[in-house]
Amino acid sequence: MALGRSVDLSVPSLPPRFEPKAFEARWQDAWERAHAFRAPERPGGVRFSLVLPPPNVTGVLHLGHMLGDTVMDVLARQHRMQGAATLWVPGLDHAGLATQVEVRRRLARQGARAEEMPREELLAEIERWRAEHEARIREQTRAGGFSVDWDRYRYTLDAASVRATREAFVALYRQGLVYRGERMVNWDPRLRTAVSDLEVNAVEEETSLVFVRYPWADAGLGGIEVATVRPETIFGDVAVAVHPDDARYSDAIGRFVIVPLCHRRVPVIPDRAVDPTFGAGALKITPRHDPVDREIAGRHPDLAEPTEIFDEEARLTGPWVPAPFRGLDRDTARAKVIDALARDDLLVRAEPYRHTIGRSDRSDAVIEPRISRQWFVRMAPLAEPVLAAVRAGEIRLHPARWTASFFRWMEGIQDWCISRQIVWGHPIPVATCRACGRDTVTVEPPTACAHCGSRDLVADPDVLDTWFTSWLWPFAALGWPEPTALLDRYYPTSVLVTARDIMFFWVARMMMSGYRFTGQRPFADVYFTGMVLDAEARRMSKHLGNSPDPLDVIAERGADALRFALVFPNPTSEDGPFGTSSLDSARNFLTKLWNLVRFTLPHVPAGTAPVLGPPRLPATAALEDRWILSRSRRTAEAVGTALGEFEPTGAASALYQFVWHDLADRYVEIAKESLSGRRGEIAARSSRATLLFVVDRTLRWLHPFVPHITEELWHALPHDGDLLATAAWPPADEAPADPVAEVEMETVLEAVRLLRNLRAEERIPIPATPSAWIRPAGPEVARVLDRERATVGRLTRVGSLELLPAEAPAPSGAASRVAVLGECYVERPAKGPVTLEALTREREKLSGLLEKARARLADPGFRARAPPDVVRETEEKAREIAERIGRIDEHLSPDAAQGASS
RNA sequence: GGGCGCGUAGUCUAGUGGUUAUGACGUCACCCUGACACGGUGAAGGUCGCCAGUUCGAAUCUGGCCGCGCCCA
């Protein structure tokens, strides 16, 4: 069969199937060999920089990391292609407490007890853990194709981080913003360390509210009834408090009661903090083990000095605890106390009660409020400049709706407990002198006391909260406090991308440290990604086992498919499901792209020059060529706008629409005719150049999202330069916008859709080539359809397509549709009854619209108040609809018309 | 208990005062047409959570209610 092809279709140089394994690792190697992502040390001009939130060495990367990394890579690659000197610093967080907990668990599984290990041995074990996980995390990051600068890799425990951490601590200490205090902290009795407020989760739990009678000290009968959920703390009581206005207790204030079981005499005191409606309205006061009690006790200085009743593992201890209860843990103690109270006839009753308790984020142990000597950072002075900066728009949060909760937390900020009683982390840079008892706090570890010169120094045994290093990251990762070139050229960083759940842990604190230590914002924009959920919308967790290892997904589907599935179709800023269906969609899309280039290749003769700019089309150029260039420009604009507004999903979706529907479904299908040479060499050349240009641009725009496949395909086409990764990002206004071509193509596509619709409804089989007619609604439509008649005919597979003059009668026996562009007819193969269903349905829909439009026009208020052009538009719409209804009525038989209008 | 946010086709989603409410996945029908069945074409599917109000006009603004989620206590 002579098709008149001018090119050879039989030798595709790309394999027919897209196989990511065949090329993804190859391009990763190529990028690395070329140092494509190495940021210049001292660039001039535009710069773009960001730090990768250093993943915790606790585990390996999960899909949430992949989502964040993909968003960052999209931004980094786009800016790199746009010519910005781009620095993306990767790193690793030692994650102090979290890691120590994980290692402890592993040791426990192996039958060892971390608590009994010498410090050095435990540290060595943690180091082993770090090495294993670090290697795995690097492998995962590399396999994702993320364009980080590996030469700038940093670790939160490396020498430079040690320096930065000590520097920050010492500076704050000297400014009076770091202090040591004996305060009530959140104590984790399982891990035997203090934790910060943020590391405590409020959990609702079912417990029982116990009513205990405290007998009068001076009289044998009665007493005061106290309600408590923690009867085991009874040993620490120093008072019973009641509300001063509570009539029930007006006589009790000033009297004494006996604390059950330990028989101490304590006073009844008045305090407004007592809620008279809770329980019996009397509160037992245990100042060392409850923050509210401590506050109340503070207002009553005449109370006995309380002693501690729990040790560091929350076992009963101390002089106030009677022998039978000493050494018991909290739960056992509670049960025994209740038993003993019942025996002494002091237990009034116990009722089920639901309340919220604090559990440690790391160990899940119930937090014990405990007074201990710890280091704190005074936060309010640090928060001030941040609040001002965010209010002034100097730092922007995306999506902006999180700004409100950010402010609320910042405005009520509490001091930060930064000391941890663990081994894994930065030692607190404080040495205490045994001779004079004073502290020496210096960046370089001291050899002698700064105050008395004694060499008898004891280093603080604790380490710093891991976040005390992370909060310095945007500048510490660039070399701070050294005045490095990186710091000079790339700080402040451009953007921070992270998950919302560490907004307070990390983001807010980085802003505070940034202004404090560098006097500048650490980043201009913050983008919060959502959480990756599984197909049943559950949060991914180790416990559920529903979080796949990214490496497995990449091995099976490829990094590009994974990346695309994470940004499309669900918005990256919302919590969204991830599953095989999104992976399938991503793979299908990539296959489409692959085949699009396979289709393009044969139309690129050997020796074709790389694309420089849009083809200069002759005045007589085909409509489809002008149209796709215009569409490509709109797409470039949409992609640029979306990425500028931190909407990667919007950009991905614009590209998806363009590639699949505009380029593959419409342009390629229409242009096949001219590409084949059947319309002559000039038309063929024009379409070839157009196709090659648009495909080249598409690959560039898609590259930040799916870097491997685009790199592979770009190399299969004529290209300029070694790597797409470092090729130029074309300006959005490169191709001409052509509104005329867009309108005309709409007409063509509408005609095609109508005729196809008719065929499908009339069940005219594909091999049949019926005659078709269109009676255009106006001269403009007539002109376009006349010119593009061949295209319409080919896409609808009709035998002949004729344009009818306005007054011509309808072809007899043909199926018909009435549309805005005119009336379409398709010859029906068998002479059965004409199907009028579609026309009737259309008429019903139109009369509904017409009614609405007329009602509006009839409203005098509308004419008086609506803007004139809205009134005019509505009038025009009503006229057009009425006219179409009239034309439909001509086609409907009298009874059908009646049926439709009833 | 306080605060914030969200309710749009079976599922996810776009849309901040006037469009015949966007797109994806899924569903149904026909089709292996010379890049692609991981495909093509066509279709069905929504009283934009409910109730009031503001307005000439409300998915969009306001209030209340219902449901869901998150954060803080």
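Labels below follow one simple rule: chain letters A, B, ... track the order of the sequence lines, proteins then strands, and each chain is numbered from 1. In what follows, every heavy atom counts, from backbone to side chain, and hydrogens, waters and symmetry copies are set aside. All figures in this text were calculated on a predicted structure; none of them were measured in a lab.
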Atom CD of Q414(A) and atom C1' of A73(B) are separated, to the nearest Å, by 11 Å
Across all chains, not counting sequence neighbours, the salt bridge (Lys or Arg N to Asp or Glu O under 4.0 Å) partners of R294(A) are none
Side-chain atoms of R598(A) come closest, of C36(B), A43(B), G34(B), to C36(B)
Sequence neighbours excluded, the answer for side-chain contact (heavy atoms from CB on, under 4.5 Å) partners of P868(A) is R872(A)
The reported gap from OG1 in T591(A) to CD in E19(A) (rounded to nearest 0.5 angstrom) is 10.0 Å
By side-chain contact (heavy atoms from CB on, under 4.5 Å), E823(A) pairs with (sequence neighbours left out) R775(A), V818(A), Y825(A), R887(A), H891(A)
Sorted by chain and number, sequence neighbours left out, salt bridge (Lys or Arg N to Asp or Glu O under 4.0 Å) with E880(A) holds for none
Can you tell me how far P in G49(B) sits from the matching atom in U13(B), rounded to whole Å? 13 Å
| message | Is the phosphate of G40(B) approached by K592(A) (side-chain N or O, under 4.0 Å from OP1 or OP2)? | response | yes
Using a strict 4.0 Å threshold on nitrogen-to-oxygen distance, state whether R587(A) and E556(A) make a salt bridge. no
A correct 5'-to-3' footprint of nucleotides 20-32 of chain B, with B, S and - meaning base, sugar-phosphate only and no protein heavy atom under 4.0 Å, is B--SSS---S---
Between G15(B) and A9(B), how many Å separate the two P atoms, rounded to a whole number?
16 Å
Numerically ordered, the residues 749-759 of chain A set in heavy-atom contact under 4.0 Å with RNA chain B is R753(A), R756(A), N757(A)
I'd like to know if the side chain of S196(A) pairs up with that of E199(A) as donor and acceptor (distance under 3.5 Å, no hydrogens or angles considered). yes
Applying the Watson-Crick and G-U criteria (both distances under 3.5 angstrom) with [ ] for crossing and | for other-strand pairs, one obtains for RNA chain B ((((((((.[[[..)..(....]]].(((((.......))))).....[[[[[..)....]]]]]))))))).
Say we look at C32(B) and U41(B): how far apart would their C1' atoms be, to the nearest angstrom?
14 Å
Report all interatomic pairs (protein N or O, nucleotide N or O of nucleotides 14-17 of chain B) with separations under 3.5 Å.
none

Worksheet entry | Salt bridge present between E411(A) and R408(A) (N-O < 4.0 angstrom) | no
Out of U41(B), A35(B), U33(B), minimum distance to the side chain of D665(A) belongs to U41(B)
Would you list the protein and nucleotides 1-11 of chain B atom pairs, both N or O, that sit under 3.5 Å from each other?
from  : atom 1 : to      : atom 2 : distance (Å)
G3(B) : O2'    : R408(A) : NE     : 3.0

side-chain contact (heavy atoms from CB on, under 4.5 Å) filter on V200(A), not counting sequence neighbours, yields N186(A), V195(A), I367(A)
Note to self: With a 3.5 Å distance limit and no angle check, can you tell me whether R797(A) reaches the backbone of T769(A) through a side-chain donor-acceptor pair?
What the structure shows: no
R391(A) NZ/CZ over F407(A) ring centroid, <6.0 Å and within 45° of normal: yes
Thinking salt bridges, do R230(A) and D290(A) make one under a 4.0 Å N-O criterion?
no
Please report, to 0.1 Å, the donor-acceptor pairs under 3.5 Å made by any side chain of residues 643-659 of chain A, with sequence neighbours excluded.
from    : atom 1 : to      : atom 2 : distance (Å)
T649(A) : OG1    : V567(A) : O      : 2.9
T649(A) : OG1    : N570(A) : O      : 3.4
T649(A) : OG1    : T572(A) : N      : 3.1

Whichever of W409(A) and V870(A) has the more 5' nearest nucleotide on RNA chain B, that residue is V870(A)
| Do the charged groups of E624(A) and R679(A) touch, with an N to O distance under 4.0 Å? | yes
To the nearest angstrom, the CG-P distance between L795(A) and U33(B) comes to 16 Å
Rounded to whole angstrom, note down the P distance from C56(B) over to G40(B). 49 Å
Separation of U33(B) atom P from E669(A) atom CD, nearest Å, is 12 Å
To the nearest angstrom, the CZ-P distance between R872(A) and G18(B) comes to 17 Å
D575(A) atom CG is separated from G69(B) atom P, nearest whole Å, by 12 Å
Q | Main-chain N/O of W402(A) paired to R500(A) side chain as donor or acceptor, under 3.5 Å | A | no
Atom pairs under 3.5 Å: protein N/O with N/O of nucleotides 54-58 of chain B:
from   : atom 1 : to      : atom 2 : distance (Å)
C56(B) : OP1    : R865(A) : NE     : 2.7
C56(B) : OP1    : R865(A) : NH1    : 2.3
C56(B) : O4'    : G861(A) : O      : 3.3
C56(B) : O2'    : D859(A) : OD2    : 2.6

When rounded to whole Å, the CD to C1' distance for the pair E19(A) and C36(B) reads 16 Å
Taken to the nearest whole Å, CZ/F407(A) to P/C72(B) is 18 Å
Pick the C1' atom in C6(B) and in C48(B), then give their distance to the nearest Å.
-> 14 Å
RNA chain B nearest-nucleotide lookup for E673(A) and F18(A): closer to the 5′ end is E673(A)
#### Entry: Cationic N near anionic O, under 4.0 Å, E574(A) to R401(A)
yes
In whole angstroms, the gap separating C1' of C38(B) from CG of D560(A) amounts to 15 Å
